[in-house]
Amino acid sequence: MTERLHSFFAGRWRDASGPEYTTEYPHDGSAVASLNATTADDVHEAVEFAERARLQPAWAGLKPHERAGMLYRMAQGIRERAEDLARLQRLDNGKPVKECRALVASAAGTFQFFAAAAETWEDAVTPSRGDFLSMSVHEPLGVVGAITPWNSPIASEAQKIAPALAAGCAVLIKPAEITPRMALELARIAQQAGVPDGIVSVLPGKGSVAGDALVRHPLVKRIAFTGGTNVGLGIQRLAAEKLMPTSLELGGKSPTIVCADADLDHAVAGVLFGIFSSSGESCIAGSRAFVHQSVYEEFKRRLIEGVRRLKVGNPASEDTQMGPLVNLGHRASVERYVALGLEEGGRLLVGGQRPQGAAFEAGSYYLPTVIEGLPNHARMCQEEIFGPVLALLPWQDEADLLAQCNDNVYGLASGIWSRDYKTAWRIGRALEAGTVWINTYKLFSISTPFSGLKMSGYGQEKGRQGILHYTRQKSFYWGMNESPLPWAGQ
Ligand code: NAD
């Protein structure tokens, strides 16, 4: 049965004023929920309400430990509803239930971490250079916007809402049109945790309408964006016109390097996980695997065996490793990239088609795919596919390897498989990537900052310093000298 959802802004649960639309379960295309899209007028109303709400004593008057209390309660609220949230997340984007549980757990951890950061944050008394006391304090930026993609909604939304609330801001979330559910549930949990109405708002709908209006609004003082590079560039251009800070978490085409001395079983498992978990719909997917020539054939044999063993299927099943892609349109885009790779001269090693059988007919399924024989400059090796497609490339010379890895507009993540810590360190330092995983992949911790380089974006999320992005700094000088200032007093 299709569930009716309501937006949450300007202090109440309500229907937005735009057209009604329906979200679909990627497993079988069935309708999951219907809701109304947010219009630019709705955004204006929401922002103005949020601005008033954030200045009320019920929010502005809270001490950091009191705000932290709300964030702790949000972490608790997420944990209490963990299984239900994982189910709703799965219905929105078709991720396997185990991955959805991990995302929900990470969101709870994010609120807990920023609660701790909020109540232990210390402003600085700076070293005095005269008869005065100098200090620098952080104040909330004001109303901020969070714009998120469909692939890991609850985690990327928590990473923006938690530091924003910790800093004392009001936050308006524009989730991806097709995955509005997690943001709405987080708003509900915030309300139950005692966060005043207007401090967390959710504006589902089109990026070109609701997202654009949010970015342009003069009262919006920051945008935290996760999504594609082209959209991020457009947001950055608009932000420049009002000197608005942004953080942009954008696309990737991450290399994974297998060295001659790698533990091949670990490397194969890591490369499989790096590209095929989340069906490759991951900004940090390890989509280019560079394997040393001396172990290339053996690695390839084990990799293909591993791909054939992967369990592709219903995302509700506990043993499913790869669910469907997010929708039929996105699958068509992945298929075009595979066709392009083959036209460019690539050889298909495994996959390259939809899985067969009645169970897969209605969903947007695609098999894990490996292609070899392409040069790194081929389009299939350069552009983000955001699907389960791995390019396998041999390497021999380290300098040439590094040149190829870095020869890409993106610089988000990377992986190195080697038993020699000196090799791993040397390669890791030379890679142009915001994150380097050594003998592991896709490991994350909320305490460690995350950011891309080059066209993968800038401006960190996560890490204790994450709060600072939602504050402005103000400096104070307290004169302690009882005599008049020398110039004025002569
Ligand atoms: P997208 O850029 O199409 O959309 C992201 C969000 O931006 C959505 O909420 C969308 O509605 C909104 N949007 C679209 N046009 C807009 C506009 N003109 N103004 C304001 N907002 C607008 O991305 P997507 O297809 O939802 O997600 C996939 C992309 O996200 C991939 O490129 C992926 O690499 C990237 N991503 C990056 C990270 C990271 O941390 N670096 C994490 C996850 C996903």
Side-chain angles (χ1 to χ4, degrees), residues 18 21 23 37-38 40 43 92-93 95 99 103 106 145-160 172-183 202-217 220 223-239 244 246-254 275 277-287 325-327 329-331 333-334 337 383-387 408-414 433-435 442 444 446 448-462 466:
Y21 72 98
T23 64
T38 307
V43 172
D92 255 8
N93 70 1
K95 274 202 180 194
E99 284 189 27
L103 291 177
S106 97
I147 303 180
T148 54
W150 44 260
N151 62 326
S152 304
I154 193 165
S156 50
E157 281 147 15
Q159 279 163 32
K160 297 170 175 62
L172 296 106
I173 309 142
K174 210 307 277 171
E177 188 180 12
I178 56 176
T179 56
R181 195 57 190 261
M182 290 297 101
V202 186
L203 308 165
K206 285 199 177 305
S208 55
V209 179
D212 183 70
L214 191 61
V215 175
R216 288 176 193 269
H217 200 290
V220 172
I223 291 286
F225 173 77
T226 302
T229 294
N230 284 338
V231 177
L233 285 171
I235 288 175
Q236 181 73 351
R237 282 187 203 103
L238 290 175
M244 174 175 71
T246 58
S247 58
L248 304 175
E249 302 286 358
L250 309 176
K253 191 75 186 179
S254 301
I275 179 66
S277 57
S278 303
S279 303
E281 294 170 327
S282 164
C283 54
I284 49 174
S287 47
L325 298 178
V326 76
N327 57 30
H330 184 54
R331 179 174 68 182
S333 151
V334 170
Y337 267 112
E383 296 177 18
E384 184 181 46
I385 300 175
F386 219 58
N408 193 278
V409 294
Y410 297 114
L412 194 56
S414 59
T435 298
K442 272 194 171 182
F444 270 132
I446 184 65
T448 308
F450 175 72
S451 177
L453 308 181
K454 305 198 286 188
M455 296 306 261
S456 291
Y458 75 95
Q460 275 122 3
E461 288 196 342
K462 305 186 180 180

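In this text, all values refer to a predicted model and were calculated from it rather than measured experimentally. No hydrogens, no waters, no symmetry mates; every other heavy atom, side chains included, goes into these values. Count residues from 1 along the sequence. Both counts, for ligands and for their atoms, begin at 1 and track the order of listing.
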Is any N or O atom of [X], backbone or side chain, closer than 3.5 Å to an N or O atom of ligand 1?
{"X": "Glu177", "answer": "no"}
{"X": "Leu250", "answer": "yes"}
{"X": "Ser456", "answer": "no"}

For [atom], what's the nearest protein heavy-atom neighbour? Residue, atom name and distance, please.
{"atom": "atom 3 (O) of ligand 1", "result": "Val231 CG2, 4.2 Å"}
{"atom": "atom 36 (N) of ligand 1", "result": "Cys283 CB, 3.6 Å"}
{"atom": "atom 11 (O) of ligand 1", "result": "Lys174 NZ, 2.7 Å"}
{"atom": "atom 19 (N) of ligand 1", "result": "Gly207 O, 3.4 Å"}
{"atom": "atom 5 (C) of ligand 1", "result": "Thr226 O, 3.7 Å"}
{"atom": "atom 35 (C) of ligand 1", "result": "Gly227 O, 3.2 Å"}
{"atom": "atom 34 (O) of ligand 1", "result": "Glu384 OE2, 2.5 Å"}
{"atom": "atom 2 (O) of ligand 1", "result": "Gly228 N, 2.8 Å"}

So for Gly452, does at least one of its heavy atoms come nearer than 4.0 angstrom to any atom of ligand 1?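 For ligand 1, residue contact (heavy atoms, under 4.0 Å) with Gly452 is absent.
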
Strictly under 4.0 Å, does any heavy atom of Pro175 approach an atom of ligand 1?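 Yes.
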
On a heavy-atom basis, which atom in Asp92 and which in Met182 lie closest, and how many Å separate them?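 The answer is OD2-N, 4.4 Å.
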
How far apart are the closest heavy atoms of Ile173 and Glu157, and which atoms are they?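 Shortest heavy-atom contact: CG2-CG, 3.9 Å.
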
Using a strict cut-off of 4.0 Å, indicate which atoms of ligand 1 neighbour a heavy atom of [X].
{"X": "Asp212", "result": "19 (N), 20 (C)"}
{"X": "Gly211", "result": "19 (N), 20 (C), 21 (N)"}
{"X": "Asn151", "result": "43 (C), 44 (C)"}

Is the backbone N or O of Asn151 less than 3.5 Å from a side-chain atom of Asn93, with the two atoms forming a donor-acceptor pair by type?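 Present.
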
Backbone N or O of Phe386 within a donor-acceptor pair of the His330 side chain at under 3.5 Å?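 Yes; judged by distance alone, with no hydrogens or angles, the pair exists.
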
For atom 27 (O) of ligand 1, is the nearest protein heavy atom under 4.0 Å away?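 Given the 4.0 Å cut-off, atom 27 (O) of ligand 1 counts as touching protein heavy atoms.
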
With sequence neighbours left out, what residues match Asn327 under side-chain hydrogen bond (donor to acceptor under 3.5 Å, both in side chains)?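 Asn327: no side-chain hydrogen bond (donor to acceptor under 3.5 Å, both in side chains) contacts found.
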
In chain order, what residues pass the side-chain hydrogen bond (donor to acceptor under 3.5 Å, both in side chains) check against Gln460, with sequence neighbours excluded?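 For Gln460 there are no side-chain hydrogen bond (donor to acceptor under 3.5 Å, both in side chains) partners, ignoring immediate neighbours.
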
Among Ile147, Thr229, Asn230, Leu203, which one puts a heavy atom closest to atom 12 (C) of ligand 1?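 Nearest option to atom 12 (C) of ligand 1, by heavy atoms: Ile147.
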
Heavy-atom nearest option to atom 25 (O) of ligand 1, drawn from Trp150, Tyr410, Phe386: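 The option holding the nearest heavy atom is Trp150.
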
Taking non-hydrogen atoms only, is Glu461 closer than 4.0 angstrom to ligand 1 via side chain, backbone, both or neither?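 For Glu461, there is no contact with ligand 1 at all, from either part.
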
Between Thr148 and ligand 1, which residue portion shows a heavy-atom distance shorter than 4.0 Å: side chain, backbone, both, or neither?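 Near ligand 1, Thr148 shows its backbone, while the atoms from C-beta on stay back.
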
How long is the gap from CE on Met244 to NE2 on His217, to the nearest 0.5 Å?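 So the CE of Met244 and the NE2 of His217 are separated by 12.0 Å.
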
Got a second to check how far Gln159's CD is from Thr226's OG1, nearest 0.5 Å?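 These two atoms lie 7.0 Å from each other.
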
Is the cationic atom of Lys253 (NZ for Lys, CZ for Arg) positioned less than 6.0 Å from the six-membered ring centroid of Tyr410 and within 45 degrees of its normal?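 No cation-pi geometry.
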
Donor-acceptor pair between [X] and [Y] side chains, under 3.5 angstrom:
{"X": "Ser277", "Y": "Glu99", "value": "no"}
{"X": "Thr38", "Y": "Lys174", "value": "no"}
{"X": "Ser278", "Y": "Lys95", "value": "yes"}

Would you say that more than 12 heavy atoms from the other residues, nucleotides or ligands in this model lie under 6.0 Å from the CE of Met455, or not?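 Open: at most 12 neighbouring heavy atoms sit under 6.0 Å from CE of Met455.
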
